[in-house]
Amino acid sequence: MTSTTTDPKSLTLREAYFLFYDRSELAQGTLDRHDAELMRWEVLTTDPTVSEIDEAALLEFRQALVDRGLSPFTVNATLRSLKAILRRLGPQEFRNPYGLGILSRIPAVKPVREPYRKPRRIPLDNLTRIYVAMRNATHPRKWASPVDWWRCLLVMAWTTGLRKVDLLSLRFDQIDLSGESIEFIAEKTGKADTFPLHPVAKSHLERIWLPQGAKRDRVFCEYAPRHPGRIYRQLRELCESAGVKRFTLHDLRRTAATEIEAVHPGMGSRFLQHCPRSVTERSYLNLDKELHAAILSMPIPTGWKPGPKMTMRAVEKAMTEAAKIVPEEYVAPQPPPESLWSFQPGQWRFNGSPWFTMRGIYLRVLKAFVRAKGPLLASDLFPLAWPDGDVPSSGIRCLHGKIADVRNRLRKCLGLPEGFDPLPCIEYGNGGAFILHLPFELMQRKELLPR
């Protein structure tokens with residue numbers, strides 16, 4: 001860092017920023033933004049000393065930002081950051097009480113005209129389509145299945161309206177599943193708040209929940225909260241596969257707030273955690289109950305509500321309401337009746353299909369799922385997979401590999417789509433819990449004709 005004995009007027013803008021600008025209470029996101037804006041200044045100018053910065057230099061920099069294709073909002077945000085640094089170096093006066101007097105005059109430049117832009121509202125049908133398309137997600141894969149991870153992120157963004165950085169920074173210890181609430185401190189405003197947890201969001205969280213003592217603490221830890229480049233690349237691919245116009249997490253926040261305002265006028269700003277505009281709002285009103293009621297009343301896109309315990313009646317109703325959605329997506333993870341299966345030594349078939357070959361541990365695993373009539377824990381599968389007790393040293397990993405092989409064999413033999421999981425993991429931690437699950441149409445078909 002430059003020595004404080006150096007003439008302050010000979011410093012560059014970045015050096016002056018680090019020496020004189022108070023950054024003690026700034027959020028990390030604000031610091032990152034200032035760093036990026038100073039880098040733009042250094043790239044697009046000759047990086048003059050603060051004494052050489054005048055209106056002409058700022059005007060030239062403003063034009064360079066526009067020519068670079070940056071939006072008016074980005075250009076003005078950059079100019080505001082530079083102005084804040086220059087104000088600190090300017091003279092001390094009534095409207096600049098913290099000025100250091102290094103500069104006798106603060107150079108200024110007129111901001112770029114910002115066009116009016118109507119806030120985007122995503123159609124609920126598009127949210128249904130993207131929810132279904134998330135079965136094609138390929139990552140992250142470390143802690144939870146990609147489809148469950150993405151659907152949980154989508155539902156949480158919709159029902160909480162959290163800013164992107166707060167959502168991706170959310171920790172497990174901030175969520176009370178039994179009390180159905182979330183406690184967090186907004187990074188942008190520093191405001192502590194307690195938010196109600198929608199039952200649909202709770203059911204999705206339970207599918208990626210990890211037990212205490214797990215190595216990760218953030219719910220969506222696979223992506224950096226302040227640099228979510230990969231998340232938007234994957235989201236763009238999912239939007240393309242769903243055939244919907246690309247949107248961002250902030251578009252979800254805007255749309256959810258619009259829906260909240262529609263069902264409960266006046267509750268949109270509370271949902272967005274915006275600063276109170278009056279003493280009454282700040283010091284007297286407690287609208288937590290009203291917010292909870294508004295969130296429960298907000299519309300939920302078709303297909304989001306069905307979960308692991310969904311009944312067949314709910315399946316048929318959802319399929320009727322959204323004919324464009326594939327029926328398999330609405331079937332609850334419930335094992336098909338055992339009566340549809342047939343076994344003989346080294347072979348199996350389902351619902352009148354031809355006989356398929358499967359031997360050894362693979363056939364024992366499949367039989368165990370068929371006869372279980374419900375989820376099976378990994379610990380329950382060990383004596384069934386290795387009845388002689390000769391379990392390999394890497395038991396869990398080996399068992400998961402055998403389940404994956406059975407899963408792929410079912411897909412191939414029964415003609416299931418690549419994105420459909422006939423052996424989904426419905427509970428993570430302690431090896432996981434799995435359940436045999438086939439499409440409703442496949443179970444209703446009188447005679448199966450595999451591809």
Under 30°, 30 to 60°, or over 60°: which ring-plane class applies to H34 and Y21, parallel, tilted or perpendicular?
-> perpendicular
On the 0 to 90° scale, with breaks at 30° and 60°, tag the F271-F195 ring pair as parallel, tilted or perpendicular.
-> tilted
Should R88 and Y17 count as side-chain neighbours, where that means a heavy-atom distance under 4.5 Å?
-> no
Would you say L205 and C152 make side-chain contact, with heavy atoms under 4.5 Å?
-> yes
Flag the pair W341 / W348 as yes when their ring centroid distance falls below 6.0 Å, and as no otherwise.
-> yes
Taking the side chain as every heavy atom from C-beta outward, state whether L167 and M156 have any pair of such atoms under 4.5 Å apart.
-> yes
What do you reckon, is NZ of K83 surrounded by more than 12 foreign heavy atoms closer than 6.0 Å?
-> no
Go through the steps to decide whether S71 and T74 satisfy the test side-chain hydrogen bond (donor to acceptor under 3.5 Å, both in side chains), and finish with yes or no.
-> CA-CA 5 Å; S71 71; T74 302; 3.0 Å; yes
With side-chain hydrogen bond (donor to acceptor under 3.5 Å, both in side chains) as the test, would you mind laying out the steps for T45 and D47 before giving the verdict?
-> CA-CA 5 Å; T45 68; D47 196 17; 5.1 Å; no
Are side-chain heavy atoms of L252 and L154 found at a separation under 4.5 Å?
-> yes
Test item: R120 and F247 side chains (from C-beta on) under 4.5 Å apart, heavy atoms = yes
d(K402 NZ, I361 CD1) to nearest 0.5 Å is 5.5 Å
Any V155 side-chain heavy atom under 4.5 Å of I300 side chain = no
Under the side-chain hydrogen bond (donor to acceptor under 3.5 Å, both in side chains) rule, what do R129 and N126 come out as? Steps first, then yes or no, please.
-> CA-CA 5 Å; R129 291 173 179 272; N126 285 5; 4.8 Å; no
